[in-house]
Amino acid sequence: MTDPTRLTAAQTAAAIASGTLTAVEVAEAHLARIEAVDEKVNAFLHVDREGALARARAVDEKRERGEKLGPLAGVPLALKDIFTTEGVPTTVGSRILEGWLPPYDATLVQRLRDADIVVLGKANMDEFAMGSSTENSAYGPTGNPWDLTRIPGGSGGGSAAALAAYEAPLAIGTDTGGSIRQPAAMTGTVGVKPTYGAVSRYGMVAFSSSLDQGGPCARTVLDAALLHEAIAGHDPLDSTSIDRPVPPVVEAARSADVKGLRVGVVKEFAGEGYQAGVMQRFTESVELLRELGAEVTEISCPSFDKALAAYYLIAPSECSSNLARFDAMRYGLRVGDDGTRSAEEVTALTREAGFGAEVKRRIMLGTYALSSGYYDAYYGSAQKVRTLITRDFEKAFEQVDVLVSPTSPTTAFPIGERADDPMAMYLADLCTIPTNLAGNAAMSLPCGLAPEDGLPVGLQIIAPAMADDRLYRVGAAVEAALTARWGHPLLEEAPAL
Amino acid sequence: MPGITREEVAHLARLSRLELKDEELDHFAGQLDVIIGAVARVSDVADEDVPPTSHPLPLTNVMRADEVRPSLTPEQALSGAPAQEQQRFKVPQILGED
């Protein structure tokens, strides 16, 4: 019998619907896989064994009663630990929320339940989603299943690693500056940042509210599309949620046709700092798109070279405000409350003890950027850069249907290599950040291994806001052509754990 | 742009409600200086013709009908609190005794 952990989400759902496998068998196989390999990978912060099995039993009972099952019924999923789950620990990778049991579910969690998806547990992440390597988790780094001494990307490293280690066929990530796409690139998986506002942020712990976006992670483009449809859509509980129909992403993934599609290569995403093997695989992907019938042109987005600087002012500014709620009064850790100290002192001692270095760094950076006297020079100017980047995208999308670039300038780097050099770390998100600033949609999918280190390279596809379906059409076409060329999915080349 | 001094980091830490340790002050002073130096280039675009964008969506205030809806019970809302008393969050003293 086929090992259930090796199936795609679409295959798993079909096997459960037809009765070849039960949802309980599928859940048990993944729980056993987690038990066997997660000590090495550290993709999960919390495994909800009982909850997952109860959910799976409910799916099997539903099928026995002859009720119609949804397209992903019974499929297991790893949920980034940034979404609140009622009665199940939610830490956001931070000590400050260690042991906290939320009293409510995020809207996205409710939608996963409505779709009969089986949540296996909470995936590891950089603390408060701040990082590009998952080294900033208070609960230890996640290893990259391709090479456990390397980072799996961040901040959604746990979600991506769970997929690459065959611990789950689906995962949920969040992308503030690239935290879905960059880990996808580093682990040879697929990650999508939907249009800003497409997936509810209610119950998703806020880092930078104008940039944060939840989205699907999977091993195939079709699986990502199925998950996208399950989680997207208007939510009255989120004032930034878009009240428009979800683009037909599953249909697009099945059509996989790029004939006549206009593809723009972003000229600014090349040059110094880009690994040779990354550029080689990227250039081959562009050539492949041409062979598949796309019209390829070069597009210049001159303001993109200031995107990283704008991001590292806007994200910390919003984070310094959002994280003010962690004040030791209403939830989480409290340190130093010995009856002699004031509330203000207890807050400061608690935040010192509960937050890690990257979080403190960004809170202070944001406090600085927003302070009187510096506001116009830093935060104000960054918001102007944001306007210019949005204009660059608008101009580009008058000429082409999608833009492409490498997802990340390099492949996965060794754990610890950039730990003391924040600027070097920040460069990992160079290609992904403009999309967050403008709010449009983007995907990363595997496009080969870099010859010099044998590690996965990601191809980034960028589409206008609310044209998420274009990502899936292009992504599925590239995936089909590359898989045919390789003779198997790229992930099968990863070493056994 | 002025360099970030240890004293400035201490001031930022106070504003940020972070009781930093001495060694952290030195460490962050160096790092924040480098980061701020690198991000300062955004001011090159300080053109008055460019309007700032604070959010990717054009947000407008939405009013809803003032109706009672289901919400958390007091027990649920207080369930994660470090300390509680008489159905309230119990906090350390906020005002001095004098």
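Protein chains get the first letters and strands the later ones, always in sequence-line order, with residue 1 at the start of each.
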task: Can you see which heavy atom on A/Arg341 is nearest to which on B/Gln93, and at what distance?
output: O-CG, 3.9 Å
query: chain B: which of A/Ala348, A/Gly366, A/Gly99 shares the most heavy-atom pairs with it under 4.5 Å?
result: A/Ala348
- prompt: After noting the C-alpha distance and the side-chain angles of A/Tyr196 and B/His55, does the key distance pass the side chain to side chain contact (heavy atoms under 4.5 Å, CB included) rule?
  reply: CA-CA 10 Å; A/Tyr196 179 85; B/His55 201 275; 3.0 Å; yes
Part of B/Ser79 within contact of chain A (heavy atom distance under 4.5 Å): side chain
Distance-minimising heavy-atom pair for A/Glu352 and B/Leu18: N-CD2, 4.2 Å
task: Please confirm whether the backbone N or O of A/Glu344 pairs with a side-chain atom of B/Arg17, one donor and one acceptor, at under 3.5 Å?
output: no
Segment of A/Phe355 engaging chain B (4.5 angstrom heavy-atom cut-off): side chain
- request: Measure from the side-chain N and O atoms of A/Thr387 to the backbone N and O of B/Thr53, and report whether any donor-acceptor pair falls under 3.5 Å.
  value: yes
- request: Provide the closest heavy-atom pair for A/Gly439 versus B/Pro56 in the form atom of the first, atom of the second, distance.
  value: CA-CB, 3.8 Å
- line: If one checks every heavy atom of B/Asn61 against chain A at 4.5 Å, the contacting part turns out to be neither
- prompt: What closest approach, in Å, do A/Met329 and B/Phe89 show between heavy atoms, and which atom pair accounts for it?
  reply: O-CD2, 3.6 Å
statement: Bottom line for A/Ser239: the part with an atom under 4.5 Å from chain B's heavy atoms is backbone
